[in-house]
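What follows is a set of notes on a single structure, which appears directly below.
In this text the structure is predicted, and so the values were computed from the model without any measurement. Note that these values count all heavy atoms, side chains included, but never hydrogens, waters or copies made by symmetry.
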Amino acid sequence: MTAAAIPWHAIYPAPRSTAVGICREEVLQWFRAGKQAGRDFVLVDLRRTDFEGGTIRGSINLPAQSLYPTIPTVYSLLNQSPVKEVVWYCGSSKGRGTRAASWFADYIEQQGETRLRSLVLEGGIKGWVAAGEEYTDLMDEFDASVWAK
């Protein structure tokens, strides 16, 4: 097998946990209830080269391809904050999103952490956009032309 055929995540251990999903309607309710991304919960956009068309308001961008070695640092920062939920997403949240949420769940379990929850946004950013204007209104740098392709 050539190096080009090996998936980026193959150099890291497979997650032991199964990602717990959260539906976009629940995240929408957090926004409507006045919760703030970055203070009450954290949204992590895992896209790297496909990071276009906008992102959910308040998301931080941590590309999945470089995430695994930084998990201890991410945990350390979040553990010192009031954040209780970390919501990971990518395009569809079936690959990168699920893997990242599971890796982070593994790590917080190893730390004996019970306050933080690691969640994957069901349907990812594509599902968020497809759900309509009440969702896209909660995006930074939303560009409808990107999603019309």
Side-chain angles (χ1 to χ4, degrees), residues 1-33 35-132 135-136 138-142 146-147:
M1 184 178 269
T2 65
I6 298 171
W8 66 267
H9 54 84
I11 63 172
Y12 304 116
R16 292 183 316 280
S17 301
T18 301
V20 174
I22 185 169
C23 64
R24 65 182 159 266
E25 294 84 2
E26 187 170 347
V27 177
L28 179 66
Q29 289 306 316
W30 291 349
F31 280 110
R32 287 184 173 162
K35 290 186 175 185
Q36 292 183 351
R39 184 190 72 200
D40 301 305
F41 60 96
V42 170
L43 291 161
V44 183
D45 188 335
L46 296 158
R47 297 174 295 157
R48 179 180 65 178
T49 56
D50 56 338
F51 188 76
E52 58 182 9
T55 190
I56 302 170
R57 180 156 306 134
S59 295
I60 59 173
N61 179 236
L62 297 174
Q65 294 81 352
S66 59
L67 174 70
Y68 189 82
T70 67
I71 287 175
T73 303
V74 172
Y75 170 78
S76 179
L77 291 168
L78 293 175
N79 192 42
Q80 297 174 48
S81 77
V83 166
K84 292 184 180 145
E85 290 91 11
V86 183
V87 180
W88 308 86
Y89 68 91
C90 59
S92 65
S93 290
K94 292 183 178 167
R96 296 169 288 183
T98 300
R99 188 171 288 106
S102 298
W103 278 335
F104 197 70
D106 288 348
Y107 191 82
I108 61 178
E109 182 182 324
Q110 288 171 350
Q111 304 311 304
E113 175 65 56
T114 57
R115 184 183 59 86
L116 279 172
R117 290 192 319 149
S118 182
L119 306 165
V120 63
L121 180 63
E122 296 168 354
I125 189 76
K126 291 177 182 175
W128 185 272
V129 170
Y135 291 87
T136 58
L138 289 168
M139 289 179 65
D140 294 327
E141 300 180 15
F142 176 67
V146 170
W147 301 101

Can any side-chain N or O of [X] pair as donor or acceptor with the backbone N or O of [Y] at less than 3.5 Å?
| X | Y | value |
| --- | --- | --- |
| Arg47 | Glu52 | yes |
| Asp45 | Asn61 | no |
| Arg115 | Asn79 | yes |
| Thr98 | Ser93 | yes |

Looking only at non-hydrogen atoms, find the nearest pair between [X] and [Y] and report the distance.
| X | Y | result |
| --- | --- | --- |
| Ser66 | Pro69 | O-CD, 3.6 Å |
| Met139 | Gly53 | CE-O, 3.8 Å |
| Trp103 | Ala14 | NE1-C, 4.3 Å |
| Pro13 | Tyr68 | CG-OH, 3.1 Å |
| Pro63 | Arg48 | CB-CB, 3.7 Å |

[atom1]-[atom2] distance between [X] and [Y], expressed to the nearest 0.5 angstrom:
| X | Y | atom1 | atom2 | result |
| --- | --- | --- | --- | --- |
| Leu46 | Cys90 | CG | SG | 6.5 Å |
| Thr55 | Leu138 | OG1 | CG | 12.0 Å |
| Ser81 | Asp40 | OG | CG | 10.0 Å |

Heavy-atom neighbours of Gln29 CD exceed 12 at 6.0 Å
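Yes, because the 6.0 Å sphere around CD of Gln29 holds more than 12 heavy atoms from other groups.
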For residues 118-130, which residue pairs qualify under side-chain hydrogen bond (donor to acceptor under 3.5 Å, both in side chains), counting only residues two or more places apart or in two chains?
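Only Trp88-Ser118 qualify under side-chain hydrogen bond (donor to acceptor under 3.5 Å, both in side chains).
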Residue pairs involving residues 9-19 (criterion side-chain hydrogen bond (donor to acceptor under 3.5 Å, both in side chains); sequence neighbours excluded):
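For residues 9-19: His9-Arg99, Ser17-Asp106.
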When you compare the side chain of [Y] with that of [X], does any pair of heavy atoms fall below 4.5 Å?
| X | Y | answer |
| --- | --- | --- |
| Leu121 | Arg24 | yes |
| Trp147 | Ile125 | yes |
| Tyr89 | Val27 | no |
| Gln111 | Tyr107 | yes |
| Phe104 | Leu67 | no |
| Leu62 | Val74 | yes |

Residue pairs fulfilling salt bridge (Lys or Arg N to Asp or Glu O under 4.0 Å) with at least one residue in residues 73-91, sequence neighbours excluded:
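The answer is Glu85-Arg117.
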Sequence neighbours excluded, every pair satisfying salt bridge (Lys or Arg N to Asp or Glu O under 4.0 Å) that has a member inside residues 53-67:
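For residues 53-67: Arg57-Asp140.
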Take Leu116 and Tyr75 through the side chain to side chain contact (heavy atoms under 4.5 Å, CB included) test and state the conclusion after the steps.
CA-CA 9 Å; Leu116 279 172; Tyr75 170 78; 4.0 Å; yes
Phe41: what forms a ring pair (Phe, Tyr, Trp, His ring centres under 6.0 Å) with it, not counting sequence neighbours?
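Counting only residues at least two positions away or on another chain, Phe41 forms a ring pair (Phe, Tyr, Trp, His ring centres under 6.0 Å) with Trp30, Phe31.
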Could you list the residues that satisfy side chain to side chain contact (heavy atoms under 4.5 Å, CB included) with Leu77, not counting sequence neighbours?
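Testing Leu77 for side chain to side chain contact (heavy atoms under 4.5 Å, CB included), a comparison that skips the adjacent residues, returns Thr73.
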